[in-house]
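See below for the structure under consideration.
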Amino acid sequence: QLQASGGGLVQAGGSLRLSCAASGSTVDYYAIGWFRQAPGKEREGVACISSSGSYTIYTESAKGRFTISRDNAKNTVYLQMNSLKPEDTAVYYCAADPIRGYYSDYDASCDGMNHWGKGTLVTVSS
């Protein structure tokens with residue numbers, strides 16, 4: 001199971017760190033991503049990381065402001081979000097492809113994530 005946490009209310013320009021904790025199994029072979037869905041909009045991939053942690057992908061709006069990282073010893077993936085903007089307001093979800101690492105430890109694609117956790121709400125006020 002995946003559980004996202006760390007959301008909250010923050011002013012524009014502020015920072016938040018989201019955590020995605022996995023329980024019940026090790027994440028060593030998981031590719032994991034952060035996704036978000038704003039009211040009235042489709043869900044989009046924000047940042048994804050390979051099972052090795054060496055490769056990452058970011059959506060254009062997140063580049064330079066967000067950083068995805070992982071600590072396999074803690075079974076946790078993080079999303080550090082800086083310089084937040086009101087348009088970052090959304091429910092943020094983490095998701096995983098739990099078997100990708102068995103055949104590719106460098107593939108950070110956000111496609112193919114099929115294990116989803118509950119989201120955490122991020123609200124950025126202007």
Apply side-chain contact (heavy atoms from CB on, under 4.5 Å) to the pair Leu18 and Thr120, showing each step before the final yes or no.
CA-CA 8 Å; Leu18 305 184; Thr120 186; 4.1 Å; yes
For the side chain of Asn75 and the backbone of Ser25, is there at least one donor-acceptor N/O pair under 3.5 Å apart?
yes
About how many Å separate CG of Asn82 and CG of Leu16, when rounded to the nearest 0.5 Å?
9.5 Å
One should read off an interatomic distance between His115 NE2 and Gln1 CD, to the nearest 0.5 angstrom, of 10.5 Å
Any donor-acceptor pair under 3.5 Å from Thr89 side chain to Val124 backbone:
yes
Do the non-hydrogen side-chain atoms of Thr59 and Glu44 ever get within less than 4.5 Å of each other?
yes
Can you tell me how far the OG atom of Ser51 sits from the CG atom of Asp97, to the nearest 0.5 Å?
9.0 Å
Hydrophobic cluster partners of Met113 (side-chain heavy atoms under 4.5 Å)
Phe35, Val91, Tyr93, Trp116, Leu121
Check the pair Thr67, Tyr78 against side-chain contact (heavy atoms from CB on, under 4.5 Å), reporting the backbone distance first and the verdict last.
CA-CA 8 Å; Thr67 302; Tyr78 304 98; over 6 Å; no
Atom CD1 of Ile68 and atom CE of Met81: how far apart are they, to the nearest 0.5 Å?
11.5 Å
Give me the atom names and distance for the closest heavy-atom approach of Pro98 to Ala96.
CD-O, 3.5 Å
Between Ser126 and Ala12, what is the shortest heavy-atom contact and its length?
CA-CB, 4.3 Å
Is Tyr30 close to Arg70 at the side-chain level, that is, under 4.5 Å between some pair of heavy atoms?
yes
Residues at least two apart in sequence or cross-chain that pass side-chain contact (heavy atoms from CB on, under 4.5 Å) with Tyr55, listed by chain then number, are Ser50, Ser52, Tyr106, Ala108
How about Val10 and Thr123: do any of their side-chain heavy atoms sit closer than 4.5 Å?
no
Going by salt bridge (charged side-chain N to carboxylate O under 4.0 Å, His left out), name the pairs with one or both residues in residues 102-126, residues two or more places apart or in two chains.
Arg100-Asp107
Kindly check if the number of other-residue, nucleotide or ligand heavy atoms within 6.0 Å of OH (Tyr29) is above 12?
no
Once side chain to side chain donor-acceptor pair (under 3.5 Å) is applied, do any residues pair with Asp71, and if so which ones, sequence neighbours excluded?
none
Between Arg36 and Tyr92, do the side chains contain an N or O donor and an N or O acceptor separated by less than 3.5 Å?
yes
Residue pairs fulfilling disulfide (SG to SG under 2.5 Å) with at least one residue in residues 85-121, sequence neighbours excluded
Cys20-Cys94, Cys48-Cys110
Which Ile, Leu, Val, Met, Phe, Trp or Tyr residues join Ile57 in one cluster when any pair of side-chain heavy atoms under 4.5 Å counts as a link?
none
Reported CD-to-OG distance for the pair Gln80 and Ser69, which is rounded to 0.5 angstrom
8.0 Å
The test is side-chain contact (heavy atoms from CB on, under 4.5 Å); show your working for Leu79 and Phe66 and say whether it passes.
CA-CA 7 Å; Leu79 184 68; Phe66 295 2; 4.1 Å; yes
Say you draw a straight line from OG of Ser19 to CG of Leu2; how long is it, rounded to the nearest 0.5 Å?
12.5 Å
